[in-house]
Amino acid sequence: MKELLLIPGPTPVSEDVLKALSQNAISHTDDRFVEVFIKALNKMKPLFGTRERRIFIIAGSGTLGMEMALTNILEENENLLVVSHGYFGDRFVEIGETLGLNVDVLKSKAGMHIDSSSLTDYLTKKKYKAVTFTHVDTSTGVMTNMEEMSKIIKEVSPDTLIVLDGVCATGGVPEKMDEWGIDVLFTGSQKAIAVPPGLTMLAFSARAISTRKEMKKMRTYYGDILRWIPVMENPHKYFATPAVNMIFALEKSLDDILEQGLDKYYEKHRMLASLTRTAMKKFGFKNLAAADIAAPTLSVFIYPPGIDDAGFRSLLKEKGVTVAEAIGELKGKCFRMGHMGSVTEEDILHALKHISQVIREKYI
Ligand SMILES: *Cc1c(COP(=O)(O)O)cnc(C)c1O
């Protein structure tokens, strides 16, 4: 039986990338590894939409990226605004509170988004050192219009640093860090970049790095970008052992993506989203987020009356297709289906066939 993993991360990993992962470990200062590390750093740049910003590749999951984004630019009692479209936006609130920041949250209803006028209101009432956004919130499938949001910040509060969580977006959605003026952007290896979980990739603007340099008290050792800058400039240097094999895998996957062309890769994501949603609509499943704010990397489908979450997902799993349960307040009402990374049109057709079978066998 073909097993198909269609959750919003981890996503399926190609044979090519598995091969890169499964070679014997070599020294982290070996020239052969250093060369691949430098290539991986450079190949992240087009995905982030940057030429100048400094890239970091660090062992740890996406949540480490979130935490590093905040610990490197904010000190205790400083003001942070979190724009939240769901569970992962809310995680920024938790991290901010753990770090003793003054956190305000601008939160949308599930499946909706924050409009630009509410952001303007918040920014005019109070001065924020930083504001965070989630490019694609993986709990609701809502995508932030970052071009619009960053334009407002540049107009209303140009000194405010902009943090963007790209964990379920980078690679699957165009990101233009330089053009939009994003200060910190990060992602994880296991979503649209199609590498197993284990790496976070980050980019910091010159402004974000000087903010870090001016900070008096640092509250992370491993996550301090100043300890990592020498390594990212010259990976022959040691700070903490990089995840050698994971970086081999990342470089391979980025190479495959860039080889086929980023625009084509984005287009594939849009096409798979549209194919999936059109077919699912025929089965009675509506996507939670409206079309103009729906992310191309995953769908969050609302169950039609009469279909129970646990039964539906377990029958589908018996047929080899794994989808994810919804999280937070949507638990039990929706399920989440990833269509990102190395997932193909054939994979989606295969999944749709099995979804149709489950509905016929159990629900009609
Ligand atoms: C998955 C995800 C995270 C968390 O990443 P982990 O690798 O699970 O730590 C953060 N933000 C978003 C938007 C995500 O989709």
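Both counts, for ligands and for their atoms, begin at 1 and track the order of listing.
- Without hydrogens or angle criteria, Asp115 side chain to Ser118 main chain gives a donor-acceptor distance under 3.5 Å.
- Within ligand 1, the atoms closer than 4.0 Å to a non-hydrogen atom of Val136 are 13 (C), numbered from 1 in the order shown.
- Using a 4.0 Å cut-off between charged nitrogen and carboxylate oxygen, Asp309 and Lys333 do not count as a salt-bridge pair.
- With Phe88 as the aromatic partner, Lys191 meets the cation-pi criteria of under 6.0 angstrom to the ring centre and within 45 degrees of the ring axis.
- For atom 11 (N) of ligand 1, the closest non-hydrogen atom on the protein side is Asp165 OD2, 2.6 Å.
- Phe239 has its ring centre less than 6.0 Å from the ring centre of Tyr221.
- For ligand 1, the atoms closer than 4.0 angstrom to any heavy atom of Gly62 are 5 (O), 6 (P), 7 (O), 9 (O).
- In this structure, the protein non-hydrogen atom closest to atom 15 (O) of ligand 1 is Thr138 OG1, 2.3 Å.
- Heavy atoms of Gln190 found under 4.0 angstrom from ligand 1 belong exclusively to the side chain.
- Near Ser61, with a cut-off below 4.0 Å to any heavy atom, the atoms of ligand 1 are 6 (P), 7 (O), 9 (O).
- Nearest protein neighbour of atom 1 (C) of ligand 1, counting heavy atoms only, is Lys191 NZ, 1.5 Å.
- For Thr63, a nitrogen or oxygen atom sits less than 3.5 Å from a nitrogen or oxygen atom of ligand 1, counting backbone and side chain alike.
- Close N/O approach between Arg91 and ligand 1 is not found [any backbone or side-chain N/O within under 3.5 Å].
- A distance below 6.0 Å separates the ring centres of Phe248 and Phe33.
- The proximity of Thr134 to ligand 1, defined as any non-hydrogen pair under 4.0 Å, is limited to the side chain.
- Remark: Glu75 does not engage Lys217 in a salt bridge, criterion side-chain N to carboxylate O under 4.0 Å.
- Ring to ring, Phe285 and Phe312 are close: their centroids are under 6.0 angstrom apart.
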